[in-house]
Amino acid sequence: MIDKRPKTPREVAAFSLFSMAEEGAWSDGALHHYLSRAGLDGRDAALAARLTYGTVQNELLLDWYLRRFSSLRLKKIAPRVLACLRMGLYQLILMDKIPAHAAVAETVSLVRHYCHANDRTVSFANAVMRKAAEAVEKNALPRLDCPDKESYYALRYSHPEWLVRLLSEQFGQKLTERICQADNADTPVSVRVNRMKTAPDEAKAELERAGMTVTPHRAFADILLCTGGDAAATEAFRAGRITVQDAASALAAFVADPKPGTAVLDCCAAPGGKSFAMAEKMQGKGSLTSCDIYEHKLKRIQEGAVRLGLPNIRTELQDASAFRAEWAESADTVLCDVPCSGLGIIRKKPETRYKDPDEIAKLPALQLAILENCARYVKPGGTLVYSTCTILQRENEDVVRAFLAAHPEFAPAPWSHPVCGGREDGMVTLLPPEHDTDGFFIAKLKRIGN
């Protein structure tokens, strides 16, 4: 991380982009770090976030334009200079409230002060930005000529073409475009109200007094969608009256439906949101074991449980793919939120779209192995919930169907919810443009027996 304290929205965004390129930081973590150091007001913090996420969200498109304005190949441009130019082009081409002269001047200033640039590099950056500004002013930007709709969506919305074609096969072209659009849209912060400490209307009023705009989710009484501030920095969050959680994740806990006094096992629990939601449904009674393979993540779960006032959560260091004999048939409810491609949360972690497709292709085998292992912990008559934060069928329905074919002791468990209606086969794929949630998959299964 860069030690210098950023003073402006563009410096916050640039430093965040530098950290991503140089240290492999996630966009949300880097942005939060530099925003906390900068101390910007709400409006400037929002601009910093838009510049950061917008640049990452549109990277493929911005690079396409940059190739047409640059005298150098992209591989010849220093990483920090490239990040600044991408952010500058984002302001010129895709934002409508940034004056062209400001975008040009501020981009050149960032290159001069933070890119170890000599005069030649500064002149290069200035020339690229001025050429782009002139094209925008004359309404003469290069046209996106693509051979078919999938390749157009891939370029226009900066999604890898392999992913766009896969989504088009699953959902059709029209819905695929809407998914890509939603991935690049501004996303409100979703918080869930802790009903053990407050009511949704009281939490909404408290957050509004803190300066945020708050809208209740149309299908989730406990979910509030917040803009205009950092919900995690409020007293409501510190006191455990709310916690940051998307509606899709909260739905997984709703589907699991654990009862007070029962035994629950959350096999891949970090960062803890579903454990917290289930523990609250249990009214703090019974036992809920939250597992992960990293000690530091278990510590965060423990801290969250204390903040939310959930005494029935305990943590265990445990690999979900490794069998724990003493847990066999011990749980009334088992939640198995397996490692996945994360392609349902691109709108919150935009760089996720650029994952290696070869590595993603290996995931279903691991997911099935984890599901089969964790199913051994379910009591006869108990509930098994499988979930992911991806929308790829091969990681979702295909895994569940393969499991059911090999395990006749389990059967789909029907359920319903206002966000998606009745699910007779126990399965649902949530999509951002259709459900106002993250992209997510949930399957509910029942172990046959008394």
Side-chain angles (χ1 to χ4, degrees), residues 1-23 25 27-138 141 158 350-351:
M1 293 280 183
I2 299 171
D3 290 333
K4 186 176 177 62
R5 179 174 174 265
K7 298 179 181 178
T8 70
R10 287 179 178 84
E11 287 183 352
V12 168
F15 289 9
S16 299
L17 295 171
F18 296 164
S19 292
M20 293 176 64
E22 297 169 4
E23 302 157 25
S27 55
D28 55 347
L31 178 63
H32 179 76
H33 172 77
Y34 289 113
L35 280 176
S36 66
R37 298 191 67 185
L40 302 177
D41 62 26
R43 183 175 178 179
D44 281 348
L47 176 57
R50 182 84 308 266
L51 291 172
T52 304
Y53 289 131
T55 301
V56 179
Q57 288 166 343
N58 295 281
E59 183 176 305
L60 298 180
L61 177 62
L62 295 171
D63 283 355
W64 186 88
Y65 280 118
L66 185 53
R67 290 187 185 96
R68 282 143 185 85
F69 298 129
S70 172
S71 59
L72 294 176
R73 290 189 302 168
L74 267 58
K75 290 182 179 180
K76 296 290 186 179
I77 303 174
R80 287 194 180 187
V81 176
L82 181 60
C84 291
L85 290 175
R86 284 170 175 163
M87 188 169 72
L89 291 185
Y90 174 67
Q91 294 169 74
L92 282 175
I93 298 171
L94 297 174
M95 296 184 75
D96 57 8
K97 294 183 180 180
I98 304 292
H101 66 86
V104 173
E106 293 294 340
T107 298
V108 173
S109 178
L110 288 171
V111 171
R112 177 181 288 112
H113 291 103
Y114 301 114
C115 297
H116 314 295
N118 55 30
D119 290 343
R120 185 177 179 182
T121 301
V122 173
S123 295
F124 162 75
N126 185 58
V128 170
M129 290 300 296
R130 287 189 178 278
K131 190 174 181 180
E134 182 179 1
V136 171
E137 183 180 1
K138 294 181 177 180
L141 284 171
S158 290
E351 60 270 45

| said: Walk me through whether L17 and R86 qualify under side chain to side chain contact (heavy atoms under 4.5 Å, CB included). | reply: CA-CA 10 Å; L17 295 171; R86 284 170 175 163; over 6 Å; no
| task | Tell me, with the steps shown, if L47 and M95 meet side chain to side chain contact (heavy atoms under 4.5 Å, CB included). | result | CA-CA 11 Å; L47 176 57; M95 296 184 75; 4.0 Å; yes
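With contacts defined as side-chain heavy-atom distances shorter than 4.5 Å, the pair T8/D44 does not qualify. Looking at L82 and L66, their side chains come closer than 4.5 Å, going by heavy atoms from C-beta outward. The shortest side-chain heavy-atom distance between R50 and Q57 falls under the 4.5 Å cut-off. Residues Y65 and N58 form no side-chain contact, since every pair of their non-hydrogen atoms from C-beta on lies 4.5 Å or further apart. For the pair I98 and L92, the minimum side-chain heavy-atom distance is 4.5 Å or more. Residues Y114 and C84 fail the side-chain proximity criterion, which asks for heavy atoms closer than 4.5 Å. When side chains are defined from C-beta on, F124 does not count as touching V111, because their heavy atoms never get closer than 4.5 Å.
The structure places SG of C115 at 8.5 Å from CG of L85, a figure rounded to the nearest 0.5 Å. From S16, atom OG reaches atom CG of L35 across 6.5 Å, with rounding to the nearest 0.5 Å. Expressed to the nearest 0.5 Å, how far OG of S158 lies from CG of L62 amounts to 6.0 Å. Note that the NZ atom of K75 and the CD1 atom of I77 stand 12.5 Å from one another [nearest 0.5 Å]. The line from OG of S109 to CD of E106 is 6.0 Å long, rounded to the nearest 0.5 Å. Atoms CD and CZ, on E23 and F18 in that order, are 11.5 Å from each other to the nearest 0.5 Å.
Taking each heavy atom of R5 and A38 in turn, the nearest pair found is NH2-O, 3.3 Å. Contact between F69 and V128 at its shortest, heavy atoms only, is O-CG2, 3.9 Å. Taking all atoms of both residues into account, the shortest heavy-atom contact from T55 to M87 is OG1-CA, 3.5 Å. Considering all non-hydrogen atoms of both residues, L51 and R10 come closest at CD1-CG, 3.7 Å. Scanning all heavy atoms of the two residues, the minimum distance from S19 to A30 falls at CB-CB, 4.2 Å.
By the side chain to side chain donor-acceptor pair (under 3.5 Å) test, S27 is found to be paired with E351, residues two or more places apart in sequence or in another chain being considered. The side chain to side chain donor-acceptor pair (under 3.5 Å) test applied to N118 returns T121, not counting sequence neighbours.
Judged by distance alone, the side chain of T107 and the main-chain N or O of A103 form a donor-acceptor pair under 3.5 Å. At least one donor-acceptor pair closer than 3.5 Å links the side chain of E11 to the backbone N or O of K7.
Annotation: R130, atom CZ; neighbour count of heavy atoms from other residues, nucleotides and ligands within 6.0 Å does not exceed 12.
Y34 and T52 form no side-chain donor-acceptor contact under 3.5 Å, judged by distance and modelled atom types alone.
Geometrically, R68 engages W64 in a cation-pi contact, judged by NZ or CZ lying under 6.0 Å from the ring centre and within 45° of the ring axis.
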